[in-house]
Each structure stands twice: as C-alpha cells, then as structure tokens.
Amino acid sequence: MDALIAEGFSTELYKELENEIITFNAKEWKETKRHPIGMALREHTGKLIAGICGKTFGQWLLIDYLWVNESHRGKQMGSDLLLKLEALAKDRGCKIALLDTLDFQARPFYEKHGYHVQWTQENYPYVGCKYFMLKNLIDG
C-alpha cells in the first residue's frame, strides 16, 4: 500500500477524523449524537454579559464554557446560569455533569455547586493544573 504523509492541520482534516471516529463508535454505542445546550445574558445592545454552553450526550451534561463579564461577577449570574443549564440537562435525561477548569479559574465556584475533582492533570500546560470535575445531577 502506497501512502503519503501530509503534514499540517486543516479544519477539513479535523472534521474528517471526527466523522470517522463517530462512525466507528456508532457500531458499539446506541448514542452518538451530542446535542448543543446553552444560554446567554445580554445587554439591550446585544453585548454579552454572561453565558454558558456545552452539550448533552446520553446521560451526560458536558459543560464547555461558563463566563461572566468581570464587572458583573459576584451577582449570582454564573450560579443562576449553571443551575438553569443543569435543569435543562436533567430534562434531557442527564444524570451526570462533567467540566474542566484551570487552577487559576473557578474550582471553588464549582465545588460550592456540588462538583468534585475526579482527576487532576498536573503540569498543564507547563506548570499549572487542570481539574476535571463531576457532579451527580440526580442527588445534587
């Protein structure tokens, strides 16, 4: 078999590999579709004040981003968005939430909301830590 190695990243390559993995996984899993979920709080001008987004996947809520503008922090906006997103995910049948946060970000915030560190990735990307956190949505 003749094959050529072509170096370089492209969006097309990324999507092609993603599709191949999804096709492969579909042979073993009933659920392969990730369903986007999210919400935003905006000023009347449309400027983003706070937002949260991720996806639901089977019984999992996978949180990608939660952000609150610095001038609005401490006003419960992040808490409200997180709780509303969890409620939406539970309506979709989710039982567990997963997210990651860096050592200088929001670990105490998430712990206050019932998340616990499942795994710590040390030396990320060089000297910091990345925490992978879970929450049981049924009991918590």
Side-chain angles (χ1 to χ4, degrees):
M1 176 174 119
D2 290 329
L4 298 173
I5 295 176
E7 291 186 29
F9 175 83
S10 70
T11 304
E12 293 79 18
L13 174 61
Y14 184 93
K15 290 305 258 175
E16 188 176 10
L17 291 170
E18 180 182 45
N19 289 334
E20 291 295 334
I21 293 294
I22 288 170
T23 300
F24 177 82
N25 290 349
K27 296 173 189 171
E28 298 294 324
W29 286 352
K30 291 180 183 178
E31 179 66 53
T32 58
K33 184 97 170 120
R34 289 158 176 82
H35 305 277
I37 189 170
M39 59 190 70
L41 180 59
R42 297 183 180 276
E43 292 179 353
H44 68 280
T45 61
K47 181 180 177 188
L48 183 64
I49 295 172
I52 188 168
C53 69
K55 55 196 99 35
T56 57
F57 180 61
Q59 66 179 354
W60 289 81
L61 166 60
L62 310 171
I63 299 173
D64 294 325
Y65 300 109
L66 169 59
W67 177 83
V68 178
N69 181 290
E70 255 185 272
S71 65
H72 293 282
R73 292 182 187 159
K75 299 177 183 176
Q76 297 298 315
M77 291 178 187
S79 294
D80 290 346
L81 287 170
L82 181 61
L83 294 173
K84 287 178 183 175
L85 191 80
E86 289 174 355
L88 287 173
K90 289 193 318 192
D91 288 345
R92 292 185 182 185
C94 292
K95 298 177 181 171
I96 309 158
L98 169 68
L99 59 84
D100 64 77
T101 189
L102 300 173
D103 56 345
F104 58 87
Q105 290 179 329
R107 178 180 171 180
F109 168 83
Y110 291 117
E111 287 174 331
K112 181 177 89 171
H113 290 287
Y115 288 79
H116 67 276
V117 174
Q118 179 75 22
W119 181 63
T120 302
Q121 185 175 349
E122 303 283 343
N123 302 313
Y124 185 84
Y126 295 106
V127 296
C129 293
K130 186 178 198 179
Y131 302 108
F132 293 84
M133 303 182 79
L134 292 177
K135 179 179 180 180
N136 180 334
L137 296 176
I138 302 304
D139 298 330

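Quick note: residue numbers are just sequence positions, from 1.
Side chain of His116 to main chain of Leu134: a donor-acceptor pair is present (N/O by atom type, distance under 3.5 Å, no hydrogens or angles).
Distance CH2/Trp119 to SG/Cys129: 10.5 Å, rounded to 0.5 Å. Taking CG of Leu17 as the reference point, atom NZ of Lys15 lies at 11.5 Å (rounded to 0.5 Å). Note that OH of Tyr110 and OH of Tyr131 are 14.5 Å apart. Values are rounded to the nearest 0.5 Å. Annotation: the span from Lys130 atom NZ to Asp100 atom CG amounts to 4.0 Å, rounded to 0.5 Å. We find the CG-CH2 distance between Leu98 and Trp60 to be 6.0 Å, quoted to the nearest 0.5 Å. Atom OG of Ser71 sits about 8.0 Å away from atom CD1 of Ile49, to the nearest 0.5 Å.
Within the 4.5 Å cutoff, side-chain heavy atoms of Thr120 are placed close to those of Glu122. The shortest distance between side-chain heavy atoms of Ile52 and Trp67 does not fall below 4.5 Å. For the pair Leu61 and Ile63, the minimum side-chain heavy-atom distance is below 4.5 Å. Using a 4.5 Å heavy-atom cutoff, the side chains of Tyr14 and Asn19 are not in contact. For the pair Lys135 and Ile96, the minimum side-chain heavy-atom distance is 4.5 Å or more. Phe132 places none of its side-chain heavy atoms less than 4.5 Å from the side chain of Val117. The closest side-chain heavy-atom distance from Met133 to Glu111 is below 4.5 Å.
Across every non-hydrogen atom of Lys33 and Phe57, the tightest pair is O-CD1, 3.5 Å. Taking every heavy atom of both residues into account, Leu48 and Ala40 meet most closely at CD1-CB, 3.8 Å. When all heavy atoms are compared, the tightest approach of Gly58 to Cys94 is O-SG, 4.0 Å. Heavy atoms only, all atoms of each residue included: Asp103 and Gly128 are closest at OD2-CA, 3.5 Å. Shortest non-hydrogen contact noted between Ser79 and Lys112 is OG-NZ, 4.2 Å. The two residues Ala106 and Thr101 make their nearest non-hydrogen contact at N-OG1, 3.1 Å.
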| said: Between Tyr124 and Leu102, is the side-chain contact (heavy atoms from CB on, under 4.5 Å) condition met? List the steps. | reply: CA-CA 9 Å; Tyr124 185 84; Leu102 300 173; 3.8 Å; yes
| task | Might you work through the salt bridge (charged side-chain N to carboxylate O under 4.0 Å, His left out) test for Lys90 and Glu86, ending with a clear yes or no? | result | CA-CA 6 Å; Lys90 289 193 318 192; Glu86 289 174 355; over 6 Å; no
| message | Determine whether Leu81 and Met39 satisfy the following criterion, side-chain contact (heavy atoms from CB on, under 4.5 Å), listing intermediate values before the conclusion. | response | CA-CA 7 Å; Leu81 287 170; Met39 59 190 70; 3.5 Å; yes
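The cluster map of Ile, Leu, Val, Met, Phe, Trp and Tyr, joined by side-chain heavy atoms under 4.5 Å apart, puts Leu137 and Leu66 in the same cluster. Leu85 and Leu99 fall within a single hydrophobic cluster, where Ile, Leu, Val, Met, Phe, Trp and Tyr are joined by side-chain heavy atoms under 4.5 Å apart, directly or via other members. Under a hydrophobic-cluster definition in which Ile, Leu, Val, Met, Phe, Trp and Tyr are linked whenever side-chain heavy atoms come within less than 4.5 Å, directly or via other members, Val68 and Ile37 are assigned to different clusters.
Crowding of Lys84 atom NZ: a count of heavy atoms from other residues, nucleotides or ligands under 6.0 Å not exceeding 12. Atom NZ of Lys55 sits in a crowded spot, with more than 12 heavy atoms from other residues, nucleotides or ligands closer than 6.0 Å. Under a cut-off of 6.0 angstrom, the local environment of CD in Glu18 is crowded, with over 12 non-hydrogen atoms contributed by other residues, nucleotides or ligands. Within a 6.0 Å radius of CZ in Phe9, other residues, nucleotides and ligands contribute more than 12 heavy atoms. Around CD of Glu43, the count of heavy atoms belonging to other residues, nucleotides or ligands within 6.0 Å exceeds 12.
The ring of Trp29 has its center no closer than 6.0 angstrom to the ring center of Phe24.
With 3.5 Å as the limit, one finds a donor-acceptor pair spanning the side chains of Arg92 and Thr56.
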